[in-house]
Amino acid sequence: MEIIVFYLFAAIAVIAALGVVGLRNPVYAALCLAVVFVSFAGLYVLLSAPFIAVAQVMIYAGAILILFVFVIMLLSPPVDQGEGALKWQKPLALGFVGALAVQLVLVLALAVLPSARGSLTPEVIAQRGDVQVVGAALFSDYLLPFEMTSLLLLVAIVGVIVLAKKR
Amino acid sequence: MTVHHFIILSAILFSIGAVGVLLRRNPLIMFMSIELMLNAVNLAFVGFSRFLQLVDGQVFVFLILTVAAAEVAVGLAIIVAIFRARDSVDVDEVSDLKG
């Protein structure tokens, strides 16, 4: 059952991702991106990470995508013609990415990955709650990185205001 | 369902995102492709977190979410600023810094 759900969400994600890359109109690309984000949320639920799934929908499908659509509407950019300045760019890019994909898939498929190290089985997560498990780690072992993200967000806010104001 | 399923799906989506960054001329779509690549990495993190039965992967994903949000805000502001200055959003016309 789980494997069927996995392949369903995986197929949706890959097709929608091809849509993001292939569609000329940025609005359609943004809608495809929303489909990718939601199918990723489904995969996270399958991986017994419901907190990450909810955060994915709220932050990616909610905030980030709204920002994209907002900027698309603000700029109303012309539909991408797909004609680059460099004639050999397309074959070169496809060649490089093909090599990258083959390398990644081969290495990852052949890799012998370590087996379970911790004790957080899906049952334990279901019992304690994913939010509690992630929150406990976030505010103990990862407290410094967590505080650093607040600094990063502050820098981003200041930077955006500086960039966006009229001079 | 093994960790290999998830990391290979992650690798495929990362490659699709890389195609988008290299091929498309519209910076907005290039940006969306970068988001796609970030998401692919997130999927690998959560997959490892699940199958190693450690929570660390999920914490990393949480931090990546924050970084992605900040990155999108700044990046889109830069695109808007370029559009204001030049009335165009084609990456080929913004090559002044090319050496």
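In what follows, chains carry the letters A, B, and so on, assigned in the order in which the sequence lines appear, proteins first and then strands, with residues in each chain numbered from 1. Just so we're clear, the structure is a prediction, and the values are computed from it rather than from any experiment.
- The candidate with the highest count of non-hydrogen atom pairs below 4.5 Å against chain B, out of Gly159(A), Gly98(A), Ala137(A), Ser119(A), is Ser119(A).
- Proximity to chain B is limited to the side chain of Asp130(A), based on heavy atoms less than 4.5 angstrom apart.
- Taking Ile, Leu, Val, Met, Phe, Trp and Tyr as hydrophobic and joining them when side-chain heavy atoms fall under 4.5 Å apart, one finds Val35(A) in a cluster with Leu8(A), Ile12(A).
- Looking at Ala101(A), both its backbone and its side chain come within 4.5 Å of chain B, counting heavy atoms on both sides.
- Looking at Thr121(A), the atoms closer than 4.5 Å to chain B (heavy atoms on both sides) sit in the backbone and in the side chain alike.
- With a threshold of 4.5 angstrom between heavy atoms, Leu9(B) approaches chain A through side-chain atoms but not through N, CA, C or O.
- Contacts of Val14(A) with chain B are made by both backbone and side-chain atoms, with heavy-atom separations under 4.5 Å.
- Interface remark: Tyr142(A) contributes side-chain atoms only to the contact with chain B (heavy atom separation under 4.5 Å).
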Exercise. Would Leu74(A) and Phe83(B) satisfy side chain to side chain contact (heavy atoms under 4.5 Å, CB included), going step by step from the backbone distance to the final call?
Worked result: CA-CA 10 Å; Leu74(A) 187 70; Phe83(B) 184 80; over 6 Å; no
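- Both the backbone and the side chain of Leu67(A) come within less than 4.5 Å of a heavy atom of chain B.
- For Leu13(B), the part lying under 4.5 angstrom from a heavy atom of chain A is the side chain only.
- No part of Phe70(A) comes within reach of chain B, as not one of its non-hydrogen atoms sits under 4.5 angstrom from that chain.
- Remark: Glu2(A) CD is loosely packed, at most 12 non-hydrogen atoms of other residues, nucleotides or ligands lying under 6.0 Å away.
- The hydrophobic cluster containing Ile157(A), built from Ile/Leu/Val/Met/Phe/Trp/Tyr side-chain heavy atoms closer than 4.5 Å, also comprises Ile161(A).
- Interface remark: Ala30(A) contributes backbone and side-chain atoms alike to the contact with chain B (heavy atom separation under 4.5 Å).
- Of all the listed residues (Pro122(A), Gly135(A), Ser48(A), Ala63(A)), the one sharing the greatest number of non-hydrogen pairs under 4.5 Å with chain B is Pro122(A).
- The residue among Leu108(A), Ile59(A), Ile3(A), Leu33(A) with the most heavy atom pairs within less than 4.5 Å of chain B is Leu108(A).
- Under a hydrophobic-cluster definition in which Ile, Leu, Val, Met, Phe, Trp and Tyr are linked whenever side-chain heavy atoms come within less than 4.5 Å, directly or via other members, Val41(B) and Val107(A) are assigned to different clusters.
- Between Glu35(B) and Phe37(A), the closest side-chain pair of non-hydrogen atoms falls below 4.5 Å.
- Considering every non-hydrogen atom in both Ile29(B) and Pro26(A), the closest pair reads CD1-CA, 4.0 Å.
- Remark: side-chain polar atoms of Arg50(B) are not paired, donor with acceptor, to backbone N or O of Tyr44(A) under 3.5 angstrom.
- A perpendicular orientation is assigned to the rings of Tyr7(A) and His5(B), their planes being inclined by more than 60° (bins at 30° and 60°).
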